[in-house]
Amino acid sequence: MKKPNSIDQMLADERQFPENMDPPRDLWPGIEQAISRHQQKSSKGLSVNYKIALSSAASIFVAVLAIQLFNPSQSGLPQTPSDQGQSNSGINALVKTFEHEKQQMLVLFKDQPAAINDWQPQLLELEAAATSLRQALNNDPNNAVLIRMLGNTYQQQLDLINRVHAPQWQKI
Amino acid sequence: MKQLIKLLPLALSIFCYQSWAGEKIDLNLEATPDGRVTIDNMRGKITIIGWDKNLVHVKGEIDDSAKSYEFRNTGNRIMFEVEMPRFDRQIDGGGEGSDLVFYIPKASRLDAEGVQVNFTVSGLSGSTDIDTINGNIVAKNLSQEIELRTINGSIDSENLSGEIEMTTVNGSISDSHSEGVMELTTVNGPISSVSSASEVEIESVNSVIDVNFTTIQKLNIRSANARIKVGITELAQRSHINVDSVSGQVELSLPTNVSADFSVQNHAGGGISNSLSADKPHRPKYGPGRSLDMSLNGGNAEVSITTVNAKVSLKPN
């Protein structure tokens, strides 16, 4: 049977070890390579943060769409003023989410040169389209196609901002 | 010694040179018939042609400002890269860009990118992926997965087949005789296509879309401020046509005896004109807009058009 070590024995053993232990070989070159590989990979397309942001925006859009599709007016039940209020708040939430994403992207790319100079007028066109859709939705707040179009118009804005500031060409 | 003999062919398959202004090159490397070929060049004109030989051949002139270039075989991949000096990061650097012609095995999987490069690519049956920022792309006789992207430039394509994706921000897309599944996106540029693609997605802002398809299974158009003109010779069984447009106008021409269910919604101005049948659009009880729901000849296909501030015209071919 193995005899348990006394505390004194354990302390004596511990003193024999050096204060700093070096790994058997230098690991830093490998770590460095792995980091640069990861950076290259993430700079090839959208950044991971923005993929998450865009997918979250898209999922909120789907959720709002689902609310619209299953609301009383779509199911044939009479619509009350509170139903309409709910629809409007759903659309407002969608718009707020996309506007927030857009502002974040604009701030992120603020100091980065764009690949083309005249991308802002195109963004304004898309913003005008979004305004027209919102006006149409004021008259028909439960129209699922209009809500989808509004989501697409916002997505196009995000795509445009990202495309003209694409990291692929910044790295060259 | 045996190890050295084994490594010798590999050592011979690498060309890595310091270059000088306007250097002329004429080089070959053996390649696998369906391997990867990657080309990375910052400025100039690149032509890529598919051929029957298992060889990558490059001929032409390297960029005046290039620091060096590398042409090598890494097993299943041939790589050509022009390295530019760090101070020349600006796109509008001085001197001439590269002017190179590549011949690559036709089943290669091509991946080419540049910043200020005009690409011409033809005769490839493997996948093709072209990326440029300021430059045009001309693509002919390609198949399989095809991705052509530019930011500031036009794309001209002919005889493409497979899964096709073309994107430009500031420029036009002009396509003819393509087939398969196609996705076309522009932000500020017209789109034209005469093709027999079966599934098509088009997205555009501020443009003119003028497309003609022979037999279509699925068509999806999303646009803002665009004039859209679509002609379809035949709708496939249970096909689906969907057009969403904000501002502008939509003109859809279909066969005289078209069998489809139509749902046309026009919000906030514009109007609907129908020459396919005697059906008339309805005004809603409250608010602006028009709508037209009709079923023609058994309603085999489905046509759905939603517009805001855009005029819709339905016409026979």
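Each chain gets a letter, A, B and so on, in the order its sequence line appears, and its residues count up from 1. The structure displayed is predicted, hence computed values, not measured ones.
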> More than 12 non-hydrogen atoms from neighbouring residues, nucleotides or ligands closer than 6.0 Å to CG on A/N117, yes or no?
Replying inline: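 Counting neighbours around CG of A/N117, 12 or fewer heavy atoms of other residues, nucleotides or ligands fall under 6.0 Å, so no.
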>> Please rank B/N309, B/T132, B/N152 by heavy-atom pairs under 4.5 Å with chain A and give me the top one.
In response: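 Looking at each option in turn, the highest pair count goes to B/N152.
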>> For the interface with chain A, which of B/T185, B/D244, B/V169, B/V308 has the highest count of heavy-atom pairs at distances below 4.5 Å?
In response: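 When all of B/T185, B/D244, B/V169, B/V308 are compared, B/D244 has the most.
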>> Looking at chain B, which one of A/L133, A/L146, A/T153 has the largest number of heavy-atom pairs inside 4.5 Å, strictly under?
In response: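 The answer is A/L146.
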> If you measure from the Lys or Arg side-chain nitrogens to the Asp or Glu carboxylate oxygens, is any gap between A/K102 and A/E127 under 4.0 Å?
Replying inline: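 Yes.
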> Does a salt bridge link B/R109 with B/D129, judged by any charged N lying under 4.0 Å from a carboxylate O?
Replying inline: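 Here B/R109 does not pair with B/D129 in a salt bridge, since their nearest N and O are not under 4.0 Å apart.
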>> Is B/T167 in contact with chain A via its backbone, its side chain, both, or neither, using a 4.5 Å heavy-atom distance?
In response: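 Just the side chain, heavy atoms under 4.5 Å.
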>> Quick check against the 3.5 Å criterion: does B/S207 have a side-chain atom that pairs as donor or acceptor with the backbone of B/P190?
In response: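 No.
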